[in-house]
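First the structure, in the form of structure tokens, and then the observations on it.
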Amino acid sequence: MTLLIRTSILALCAAASVSVEASGRVDNFRLLDQDRLAHELYYYEDASAIVLMVQMNGCPIVRNLLSDFRALRDDYAGRGVEFAMINPTLQDTREAIRQEADEFGIDVPILVDETQLIGEGLGIDRSGEVFVIDPKSWTVAYRGPLNDRVGYETQRNDASEHYVADALDRVLAGEPVEQARRRTQGCIINFPERQRQEAHAQISYSETIAPLLKKRCVTCHSPGGIGPWAMTGYDMVRGFAPMIREVVRTRRMPPWEVATDYPALHGDRALTVEEKRTLVHWIEAGAPRGDGPDPLTEVEPISEEWALGEPDLVVTSPPFTLPATGVVDYQFQAIPNPLDRDVWVRAVSIHPGDRKVVHHVLIGTTEEVIPEGDDRRFNAVFDNYLWGYAPGADYYEYPEGAGVLVRKGGQIHLQMHYTTYGRETVDETRIALYFHDEPPKYHLRQQVVMGTDLAIPAGEARHEETGYFEFDREAEIYSLFPHAHFRGIATGFDLVYPDGRREGLLQVPRYDFNWQHTYTLAEPVIVPAGTRIVHTTIYDNSARNPANPDPEKTVTWGLQSWDEMLYGGFFFRWTEGTAENPAHDDLAFRIGQFFGGWDDDFDGVLQAAEMPDRTREAFEGGQLDPFNVDGDDGLSPAEYRAFVEYRRQQRAEQEASAAGN
Ligand code: HEC
């Protein structure tokens, strides 16, 4: 036993010290830049080289080198070299870095290493140092100054030595760099943890590490949970330690990436900066067991009791057989609604049949029965949306006094996302609904910001689509559900108040199609009439996006995962509305859903170029002139609404006369 532990600690030490100093290899990492876009090092696998300069606000050497850095970037960008900076300082906040970038015209990503873990691994010591990384071997081909132009209190007009350019020429030619390491003159960066390796070996597994894993990971990494391995004790954790280090450094686990200086969320899963440091330092110190009991051996199995008590209705999804391996398309299932009366739902709960495979479930209802094979099945859950389940959140109770009305008959729709785990299995997921005894005070509503006219050019790595919904009366917002497909990489919501003030509501710097999270605000937000909720998603349609099914294709709106969506769902209520007196203008509501997606310049008027084809033709042909009351170059929501009402009326008359014939 002792021997076993000792050898594995040795193995770990070797793995953990895979820092640049030891073996020359750079481990993968993912960091957010000054604009909160996520960058993963190994994403740039096909680059011919990666140039990373250490940046620190207020360091004169870095500032003086910026023009040389830009010139170098312009010289080599066409040859497949990627350029970025990294800021591993304790003192520079993202906001301060963004300001420095604006002030000094830094137009490359500055990766913010707030935990200092990446800087420690790279052995960074001074700002101004430049790393030339060769992605073919993930080794550092050169580290040192950019050139010999700038030193402490010395600066010349021209450099006589161009170290980084020379190193790049060598790497591009597939040759080794003659002098791979040079001393950098720059500002010393404080890495306090670097001197604390002995203290890291004293971090207590029993009192610190195991409780941390229990709090942040065990909901999924338990026997029968969705995590592929269970944290059942020290031996498991020790075995997976190098992998834990990797998933923390690459921000893959826990699967929750939300900007922290935004309104707080319920059930936030993120590791704090301090927790990340503790976990990785403990692993890098050899993941010592130390003394004390092992809290992970007493993890309780997930209860199969309904946490909210006896449900009013339980329905079960049709049995679905998953193969042992491979990717399973989303399943769109429909269950006949067995109720013979209308009900107000107050809570929803789910028990996946096989927790290891159920990655998410979205639930909604339709009054209509949509037959199998009908394309409308893809979107049916959103017609009268109830909730979205993801592992670790087994139920959702609506806000006090609020409910969703489910009419009798029709169907209960499920969108199921399954992942395989190496063994065939059959899933039958149970959905429990809880009803209000009396109609609730408030009608909980779901609305969506939709951009149905999106077009993501083939090959584009950073394409942004945005749209809004304007509240026509005061509203209280509860939760947010951003949704995109394989190409979505970042997403978020902002509020723009009637006075023009803009406030962030949610930012997800790394969207992952596999995790369809509903983000519930810890404190609901009340917004006055005229406020817009703005939803923005960034898409990566390049070949570098490993999830991209076809980088050659310009992608447009569609329900299938290989098409795309700009889809920002949210739950809210009208503050004046009650269940009896809903204070709800349904036609305006339906128009609002599309209007803010079409209105590309956000000016509140649909100009011809922004209109859907048929409307544009009518507008340009003059048929819409009677509706364009103010005679300007487009239609306001009220004008558009009058036109829709007219068209509806016309259609009704046609139908009536057809019926009369
Ligand atoms: C919400 C559920 C959930 C939580 C919470 C969670 N994991 Fe995971 N974990 C998964 C799933 C599912 C996978 C399989 C890969 C995937 O689907 O992304 C996984 C995979 C992993 C892997 C294997 C890496 C791989 O994909 O090969 C490691 C290591 C890991 N998790 C560590 C952690 C740690 C450490 C924590 C807590 C800090 C954590 N996880 C929290 C669900 C979770």
Side-chain angles (χ1 to χ4, degrees), residues 12 15-16 27-30 38 40 42 115 117 203 205 208-258 265-284 287 295-296 299 302 322 325-328 330 350 352 354-361 388-396 416-423 425 427 486 508 510-520 546-547:
L12 265 177
D27 292 342
N28 196 12
F29 61 80
R30 189 194 319 257
E40 184 183 5
Y42 284 17
T115 62
L117 290 170
I203 296 171
Y205 167 77
T208 306
I209 299 299
L212 191 162
L213 300 174
K214 213 168 167 176
K215 179 163 140 213
R216 302 291 192 195
C217 322
V218 164
T219 36
C220 298
H221 289 275
S222 57
I226 182 126
W229 58 282
M231 297 184 184
T232 46
Y234 173 70
D235 286 347
M236 281 305 280
V237 175
R238 181 189 56 189
F240 274 96
M243 198 62 213
I244 295 177
R245 176 176 177 268
E246 178 172 296
V247 295
V248 172
R249 282 170 50 106
T250 53
R251 307 171 84 104
R252 272 179 45 215
M253 287 286 142
W256 184 271
E257 174 85 79
V258 176
L265 300 168
H266 253 317
D268 189 332
R269 291 211 174 108
L271 291 172
T272 65
V273 166
E274 212 36 65
E275 286 171 340
K276 286 184 193 174
R277 281 187 188 142
T278 305
L279 194 51
V280 171
H281 285 147
W282 175 75
I283 293 169
E284 290 178 350
L296 289 186
V299 171
I302 299 167
L322 270 97
T325 57
V327 178
V328 179
Y330 278 16
I350 280 192
D354 184 345
R355 283 182 188 270
K356 297 187 81 59
V357 296
V358 180
H359 225 279
H360 79 249
V361 186
Y389 158 90
D394 283 12
Y395 58 88
Y396 180 45
M416 314 259 335
H417 178 37
Y418 288 115
T419 47
T420 55
Y421 71 101
R423 194 153 66 70
T425 183
D427 175 67
F486 289 133
V508 180
R510 187 172 68 87
Y511 172 80
D512 185 342
F513 179 63
N514 283 316
W515 294 100
Q516 298 288 317
H517 293 296
T518 300
Y519 300 95
T520 303

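All of these numbers come straight from a predicted model, not from anything done at the bench. Count residues from 1 along the sequence. Ligands are counted one by one from 1 in listed order, and the atoms in each one are counted from 1 as well.
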min-distance protein heavy atom vs atom 5 (C) of ligand 1 -> R216 O, 3.4 Å

Contacts of Y395 meeting side chain to side chain donor-acceptor pair (under 3.5 Å) (sequence neighbours excluded), chain-then-number -> none

**Study point:** Side-chain heavy-atom pair K276, R251 within 4.5 angstrom cut-off
**Key:** yes

So for I244, does at least one of its heavy atoms come nearer than 4.0 angstrom to any atom of ligand 1?
yes

Residue set satisfying side chain to side chain donor-acceptor pair (under 3.5 Å) with R252, at least two apart, ordered chain then number -> none

Closest non-hydrogen atoms of I226 and V357, given as atom of the first, atom of the second and distance, are CD1-C, 4.3 Å

Protein-derived N, O or S atoms sitting under 2.8 Å away from atom 8 (Fe) of ligand 1 total 2

Worksheet item: Does even one non-hydrogen atom of W229 get within less than 4.0 Å of ligand 1?
Response: yes

Check contact between M231 and ligand 1, using heavy atoms of the residue and a distance below 4.0 angstrom. yes

Short version for R269: what comes under 4.0 Å of ligand 1, heavy atoms counted, is side chain

Across all chains, not counting sequence neighbours, the side chain to side chain donor-acceptor pair (under 3.5 Å) partners of T232 are none

Q: Give a yes or no on whether a salt bridge exists between D394 and R355, defined as a side-chain N under 4.0 angstrom from a carboxylate O.
A: yes

Taking D354 for its side chain and D427 for its backbone only, find out whether a donor-acceptor pair lies under 3.5 Å. no

>> Quick check on H359 - does any of its heavy atoms sit under 4.0 Å from an atom of ligand 1?
In response: yes

Q. Between R249 and E246, is the closest basic N to carboxylate O distance under 4.0 Å?
A. no

**Asked** Less than 4.0 Å between a side-chain N and a carboxylate O, is that true for E275 and K215?
**Response** yes

Practice item. Compute the minimum heavy-atom distance from I226 to ligand 1 and say whether it is under 4.0 Å. Key: yes

